[in-house]
Amino acid sequence: MNVIFLGPPGAGKGTQAQKICAKLNIPQISTGDILRRAIKDGTETGLKAKSYIDAGKLVPDEVIIDIVKERLAMEDCAGGYILDGFPRTVPQAEALSTFADIDSVIELAVEDQVLVNRLSGRRVCLNCGATYHISMLNGREECSVCGEKLVQRADDKAETVLNRLTVYHDQTAPLIGFYEARGLLKKIDGDQGMDNTFAAILKALGAEA
Ligand code: AP5
């Protein structure tokens, strides 16, 4: 099953993709995680991407399309995958259609005001990728999975979050119509609690809970 998770920053794409991938035993392909890893490793791609990410802008299509094409050609994607954060522009979606057959697009819908609260309170583990909200942490500052110190993502600062939401509405939201026209879109309320959202996605994918 080849699936796209579409939705604004903070909608819960990463959180839900991780859970659904574990359930279906398929890989989660997060372009945000790939780019952050490249920045951490100081690669050429990372150097190109950093200024865009820090400003809340999208990295250029030509940078990201080749990365995804290479990743989907790897053996572990043969049995299906979830694309988390790609495509994000119509040219990316058009390019994807030349090298992948997508079965479903899950749109996670959440109001902007809720997103701002989620992102400004998000803390992440740069070691294992686990994500938390400060309201769940009770003052704890370490990852409960691996013990690493939790940090706030540079692009979760208030002013950058607003830029990311504007970029989403201008450049990514048109993909909702793009995939609706192809009969692939399934809209899920992403503001109904994590467990209910998880169950709704599984149902939309025709998978058993
Ligand atoms: P990326 O890492 O993809 O960021 P994003 O799309 O902005 O998404 P987020 O990771 O911020 O949010 P999410 O929807 O995964 O939410 P999460 O599950 O963490 O991209 C970062 C940057 O990389 C981009 O800005 C761009 O520059 C670049 N980039 C990446 N892909 C690109 C592409 N294809 N083209 C060009 N540039 C690209 O949840 C958020 C918070 O909410 C967490 O604290 C979580 O605990 C909480 N939460 C989640 N679900 C719920 C719930 N149901 N109820 C309550 N709280 C919840």
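Keep in mind that the numbers below use all heavy atoms, side chains included, and drop hydrogens, waters and symmetry copies. Here the structure is a predicted model, which means the values were calculated and not measured. Whatever order the structure lists ligands and atoms in, that order sets their numbers, starting from 1.
Taking every heavy atom of both residues into account, Lys186 and Ser104 meet most closely at NZ-OG, 2.9 Å. When all heavy atoms are compared, the tightest approach of Gln152 to Ser120 is NE2-O, 3.4 Å. Scanning all heavy atoms of the two residues, the minimum distance from Asp54 to Ala154 falls at OD1-CB, 4.1 Å.
For a threshold of 3.5 Å applied to N or O pairs, the pair formed by Ile64 and ligand 1 contains no separation below that value. Considering backbone and side-chain N/O of Asp156, none are found under 3.5 Å from N/O of ligand 1. Close N/O approach between Thr131 and ligand 1 is not found [any backbone or side-chain N/O within under 3.5 Å]. Polar contact with ligand 1: absent for Tyr52 (N/O pair, distance under 3.5 Å). Taking only nitrogen or oxygen atoms, main chain and side chain alike, Ser30 does not reach within less than 3.5 Å of ligand 1. Here's the thing with Leu35: none of its N/O atoms is less than 3.5 angstrom from an N/O atom of ligand 1. Below 3.5 Å of separation, one finds an N or O of Gly85 facing an N or O of ligand 1. Geometrically, ligand 1 and Val59 share a nitrogen or oxygen pair separated by less than 3.5 Å. Backbone and side-chain nitrogen or oxygen atoms of Leu58 are examined, and none is located within less than 3.5 angstrom of a nitrogen or oxygen of ligand 1. Residue Asp33 places no N or O, backbone or side chain, under 3.5 Å from any N or O of ligand 1.
Counting heavy atoms closer than 4.0 Å to ligand 1, residue Arg36 contributes side-chain atoms (C-beta onward) but none from N, CA, C or O. Contacts with ligand 1 closer than 4.0 Å are made by side-chain heavy atoms of Leu119 only, the backbone lying farther away. When non-hydrogen atoms are compared, ligand 1 lies under 4.0 Å from the backbone of Thr15 as well as from its side chain. Contact annotation: for Gln192 versus ligand 1, there are no heavy atoms closer than 4.0 Å. Contacts of Pro87 with ligand 1, taken as heavy-atom pairs under 4.0 Å, are absent altogether. Counting heavy atoms closer than 4.0 Å to ligand 1, residue Lys57 contributes backbone atoms (N, CA, C, O) but none from C-beta onward. By the criterion of a heavy-atom distance under 4.0 Å, the backbone of Tyr132, and not its side chain, is placed next to ligand 1.
Between Asp191 and Arg118, at least one side-chain nitrogen of the basic residue sits less than 4.0 Å from a carboxylate oxygen of the acidic one, meeting the salt-bridge criterion. Under 4.0 Å is where a charged nitrogen must lie from a carboxylate oxygen, and between Lys149 and Glu141 at least one such pair does. Using a cut-off of 4.0 Å between Lys/Arg side-chain N and Asp/Glu carboxylate O, Arg36 and Asp33 are scored as salt-bridged. Salt bridge status for Asp155 with Arg122: absent, with no side-chain N to carboxylate O gap under 4.0 Å.
Residues Val105 and Met1 do not share a hydrophobic cluster, defined by chaining ILVMFWY side chains whose heavy atoms lie under 4.5 Å apart. Clustering ILVMFWY residues whenever any of their side-chain heavy atoms sit less than 4.5 angstrom apart, transitively, puts Val90 in a cluster other than the one holding Val167. Linking Ile, Leu, Val, Met, Phe, Trp and Tyr residues whenever their side-chain heavy atoms come within less than 4.5 Å places Ile29 and Ile53 in a single cluster.
Across the listed options Pro9, Ala55, Gly190, Gly190 owns the non-hydrogen atom lying nearest to atom 53 (N) of ligand 1. The closest non-hydrogen atom to atom 54 (N) of ligand 1, taken over Arg118, Gln92, Gln18, comes from Arg118. Distances from atom 24 (C) of ligand 1 to the heavy atoms of Lys50, Lys13, Arg88, Arg164 show the closest one on Arg88.
More than 12 heavy-atom neighbours from other residues, nucleotides or ligands sit within 6.0 angstrom of CZ on Phe178.
Cation-pi geometry between Lys13 and Phe5 is not met at under 6.0 angstrom from the ring centre and within 45 degrees of the axis.
The distance from ligand 1 to the heavy atoms of Ile53 drops below 4.0 Å at these ligand atoms: 23 (O), 27 (O), 28 (C). Heavy-atom contacts of Gly14 reach the following atoms of ligand 1: 13 (P), 15 (O), 18 (O) (cutoff under 4.0 Å). Numbered from 1 in the order shown, with element, the atoms of ligand 1 that lie under 4.0 Å from a heavy atom of Pro8 read 14 (O).
A donor-acceptor pair under 3.5 Å links the side-chain atoms of Gln192 to the main chain of Asp189, judged by distance alone.
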